[in-house]
Novice: 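Pasting a structure below so you can have a look.
Sequence lines set the chain letters: A, B, ... in the order given, protein chains first and strands last, and positions in each chain run from 1.
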Amino acid sequence: MLQVDGLSKRYGERVAVNAITFSIAQGETVGLLGPNGAGKTTAIAMISGISKPDGGQVTLNGVSLARDANAFKRRVGLVPQDPALYEELSAWANLQLFGGLYGLRGAELQSRANAVLALVGLAERSADHVMTFSGGMKRRLNIAAALLHEPDLILLDEPTVGVDPQSRNAIFDNLEELKRRGKTLLYTTHYMEEAERLCDRVLILDHGRILASDTVAHFKQQYSNLEAAFMQLTGRALRDGAEV
Amino acid sequence: MNTTAIGALIRNDIRLYFTDRRAVIVGVLVPILIAAFFGYVFGGAGPSEGQGKIPVAVVDEDHSSVSRAITADLAADPLLQVSALDRAAAREQVKSGKKNAAAVFPRGFGEQTTQSLFSGANKPQVELLVDPSQSMGARVIQGLLAQYSMREISKEAFTGAYGRTAIDSYLEQSDNRGQPRLSADLRALLIAARKLNNQSDSRTEPGSANGPGSATGPGASSGERTTFSLSIPYTVASTSVTARDNAPYNSYAHSFAGMAVQFILFAGIDAGILLLLTRQRGIWQRLRSAPLSSSEFILARALATTLIGLFQITVIYFVALLVFKVRVEGSWPGFIAVGISFCLLNASFGLMLATLGRSASTTRGFAMMATLLLVMIGGAWVPAFVFPRWLQSASRYVPTRWALDGLDGATWRGLPFSAAVLPTLVLLGSTAICLLIAIWRFRWED
C-alpha cells in the first residue's frame, strides 16, 4: 500500500527527517509517535506532497509521488493539524471547494458531501458558518473535508489537539468507523491512550529517525505500556523546540 | 488542466468576496458616492444655475456712474456671484471664506480714473481683499475687473460727464503758458472727442443732463447720445468639444472612471492579501495536498479577481448610466476592451503584490500607498493637466492613466474603437509584466 523509502528533509543545517523507511499495509492504522520536534509533521508534509523531500521516495499502490504527483494526491486525504477551513463560509461551501479540488462536482459532490457530513455528525449544521462551530465541530469538519474524494490513505496530523473529551471521543468514533470501512490511516499524536485505542502498529520517531516500529501489543509486552516504551526510547529531557 | 478545481476555486473566491459585506460596500457603493460628489463639484451633468460661480463682494464707496457700471458688469458676468456690501462686512465675509474676494472702489474713483486715463497721474487704488486659499478665484476676479474697468472708464472718459470736464481741462491747460504741453496726437484725439460729444449733444433733447455727476454711462440718462468706449477688440465663443456638437460635458463620466479604477485596484489588493492570509492558514496545506498545480492555482485566482473587478465596474457604470446620465458616446467595444483589460491588470497586480509581500499587514500598507500613487498620478482625482510638465510626462508610464484615458475616450470624448486600442494594449502589456513577476516570485511550497 504505502511505501516510504529513505525519506529525508533538511532545513539549513538541521536535519528534520533523516532517511526514514517504513510501509503500511492496506486497511492498517499506524501511529506515528514522537516528542515535539521529532519530525512527525515534516514526515506527514512530505508524504502528502506538501513538502518536497531532499531525498527518498514515496509510493502508494505503485504510484510514485515524485513521478505522478497528481495521481498520488488523488488517493490521499490530509487532515492538517489546525482546522483548514474558511470560517466565514458554511460547512457546505467548504466541502464544495475541497471536493471540487479533487474533480468532484454536481450530484456526485452533493452525495459525497452529505455522506461525510453524516459520518462526522454535522449534517444538521451544514448551512451554518464554520465560525459558529465549536473547536470539536471544526475538527470533525476538518476530517470530513479530507474524506470527500474517498482516499485510499488518510493522513491525520494530531487531529484531537485542543478539544474536549466529548469531542475527542466523537472524533475517535469517526476514525474507528473509517477503520471498519477498511481505510488506511497514518496518525500522528502525543496521546498514548489514543494510539493504544486506535492503532494496529506504532512508529516511534525522534530526531528525525524511526527508533522503533512494532504492534501496540508487542510494545505493551516489552515495556508494560506504550507510554513507558515512549519515554524509555525518547528520553526524559524536555523538548521545547518547535514542531517540525 | 484541472478545470473542475479551477472552477471550484473561482466560485469560492467569489463566494468569499460576497460574504464580506464590507468589501462589497467599499468596492461598489463607496466609489459611486465619491464619484457622485466629485462629479457634482466639477460641474455635474451639464451647466446649471449658480453652479461653480465664484462668490465675490463689491464695496462701492464712490457711488459714481463708473463704479456703478463696473459693479453691474461684474454682477452680469456668468462666472461671478456678486454681493454689494460695506467694507467691514466684505472683509468679514472674505475672512470667513464665504467670499473669495472683495473689490473696494474708493471715494472719487470715477473722477480720478477718467483724469488719470490721459495724464497717467493720481491713479486711484482699488483695494482687492482676497482669501489666500482661493488664489485661482482671486485671479479670475482681477482679470474681469480689469476688463470691465477699462470699458467703463474709457466710456466715461470719452463721452461721460467726468470725461468732458477732463478733456476741457486738459485742452485748457495745454493752451496756458507754463503748463506742460500735451503731445500733438493726444491733443488731436481730445479735440476729436470734444467734437463728437458736441455733435451728440446737438442731437439730444435740450435740457438733458450734462454736468459732472449726471453721467452718460450705465445707470444714467444718456438719451440718444453717442457713447464710445475701449473694449477688448474681439469676442470669444466658447464651444465644449465633446462627443457631439452641443453635447454638454458630463463631469460624472471622468469621476466615475477615476473612482472605478481606484476601487477596483483596492479589490485587487484585497485579493492579494487574501492569498497571503491563505498561505498563513492551514488551508494552504490542504490546497497544496490537492492535485492542483501552481499555475492552475494562479490562473484561478487571477480569473476570480478579474470577475470581481468586472462585477464592480459593471455596477458602478450601471449606476453612472442610469442615474448620472453618463453615456458611452464612443465605442462600446472599446469601452468593454478597456474595462476587461484593466480588470485583468488589476488581478495580476494583486497577485504580484501577494508574491512580493511577506506579511498581510506590511503588504497592505505598501499596496495602499502604491495604489494611491497610481491613481493620483493617473489623474483619477484631479485632471492630469494641473500637474507639472514632468509629472504629466511621467504619468504616461502609469497604467492607470491609460485606463482613465481609455474610459474617458469611450464615454464623454466619444472616440472610436481605434482610440481604445493603444490603452488596451498598454493595459494588457502591464498585465503580462505583473503576471510574469507573480509567477517568478510565487512560492507554492512553504
Side-chain angles (χ1 to χ4, degrees), chain A residues 9 11 41-42 44-53 65 68-90 92-106 108-109 129-131 138-139 142 145-146 148-149 151 153-155 157, chain B residues 1-27 267 270-271 273-301 303-305 307-308 360 442-446:
Chain A
K9 184 76 180 181
Y11 294 110
T41 298
T42 303
I44 290 284
M46 285 190 288
I47 295 167
S48 63
I50 291 174
S51 182
K52 207 170 181 178
L65 174 60
D68 193 352
N70 282 352
F72 182 96
K73 287 176 175 180
R74 280 182 214 285
R75 295 163 182 237
V76 176
L78 172 69
V79 181
Q81 197 172 90
D82 298 315
L85 304 162
Y86 285 101
E87 300 234 338
E88 55 274 56
L89 298 181
S90 67
W92 185 259
N94 270 280
L95 295 182
Q96 295 293 303
L97 168 66
F98 298 127
L101 293 179
Y102 289 87
L104 299 174
R105 60 180 166 183
E108 187 186 17
L109 176 56
H129 285 180
V130 175
M131 64 177 68
K138 288 176 187 172
R139 293 270 174 191
N142 202 32
L148 272 168
H149 59 290
L153 172 69
I154 302 162
L155 304 172
D157 193 5
Chain B
M1 179 79 65
N2 188 348
T3 52
T4 308
I6 291 170
L9 282 167
I10 291 172
R11 275 194 299 278
N12 193 63
D13 276 3
I14 291 171
R15 194 175 273 146
L16 281 170
Y17 174 74
F18 283 105
T19 303
D20 186 356
R21 285 184 188 167
R22 184 199 64 86
V24 179
I25 290 171
V26 168
D270 284 344
I273 298 297
L274 179 66
L275 181 57
L276 278 171
L277 290 173
T278 305
R279 183 184 280 279
Q280 289 165 8
R281 295 155 80 175
I283 294 165
W284 193 252
Q285 289 183 316
R286 207 185 279 287
L287 292 171
R288 290 278 292 112
S289 69
L292 184 75
S293 67
S294 60
S295 55
E296 287 167 338
F297 180 74
I298 289 176
L299 180 66
R301 300 309 302 256
L303 288 176
T305 311
L307 289 173
I308 290 168
F442 186 73
R443 290 177 296 113
W444 191 222
E445 284 200 38
D446 291 323

Novice: Can you tell me how far CG of A:N70 sits from OG of B:S293, rounded to the nearest 0.5 angstrom?
Specialist: 7.0 Å
Novice: For the backbone of B:L292 and the side chain of A:K73, can you confirm whether one donor and one acceptor N or O come within less than 3.5 Å of each other?
Specialist: no
Novice: Does B:L9 form a side chain to side chain contact (heavy atoms under 4.5 Å, CB included) with A:L101? I'd like the steps, not just the answer.
Specialist: CA-CA 8 Å; B:L9 282 167; A:L101 293 179; 3.8 Å; yes
Novice: Within this structure, what is the CZ-CD distance for the pair B:R15 and A:Q96, rounded to the nearest 0.5 Å?
Specialist: 6.0 Å
Novice: Please report the interatomic distance CG(B:L16) to CD(A:E88), rounded to the nearest 0.5 Å.
Specialist: 5.0 Å
Novice: Between atom OG of B:S289 and atom CZ of A:F72, what is the distance when rounded to the nearest 0.5 Å?
Specialist: 11.0 Å
Novice: Is chain B contacted by the side chain of A:N94, its backbone, both, or neither, given a heavy-atom distance below 4.5 Å?
Specialist: neither
Novice: Looking at B:R288 and A:A45, would you say the former's side chain and the latter's main chain have a donor-acceptor pair under 3.5 Å?
Specialist: no
Novice: Identify which part of A:L109 has an atom lying under 4.5 Å from any heavy atom of chain B, answering side chain, backbone, both or neither.
Specialist: neither
Novice: Quick one: pull up OH in A:Y86 and OG1 in B:T19 and give me the separation to the nearest 0.5 Å.
Specialist: 11.5 Å
Novice: For the atom pair CD (B:Q285) and CD1 (A:I44), what is the distance rounded to the nearest 0.5 Å?
Specialist: 10.5 Å
Novice: Please flag which part of A:A146 lies under 4.5 Å from any non-hydrogen atom of chain B: side chain, backbone, both or neither.
Specialist: both
Novice: Measuring heavy-atom distances to chain B, does A:L97 have an atom under 4.5 Å in its side chain, in its backbone, in both, or in neither?
Specialist: both
Novice: For A:A93, which atoms come within 4.5 Å of any heavy atom of chain B: side chain, backbone, both, or neither?
Specialist: both
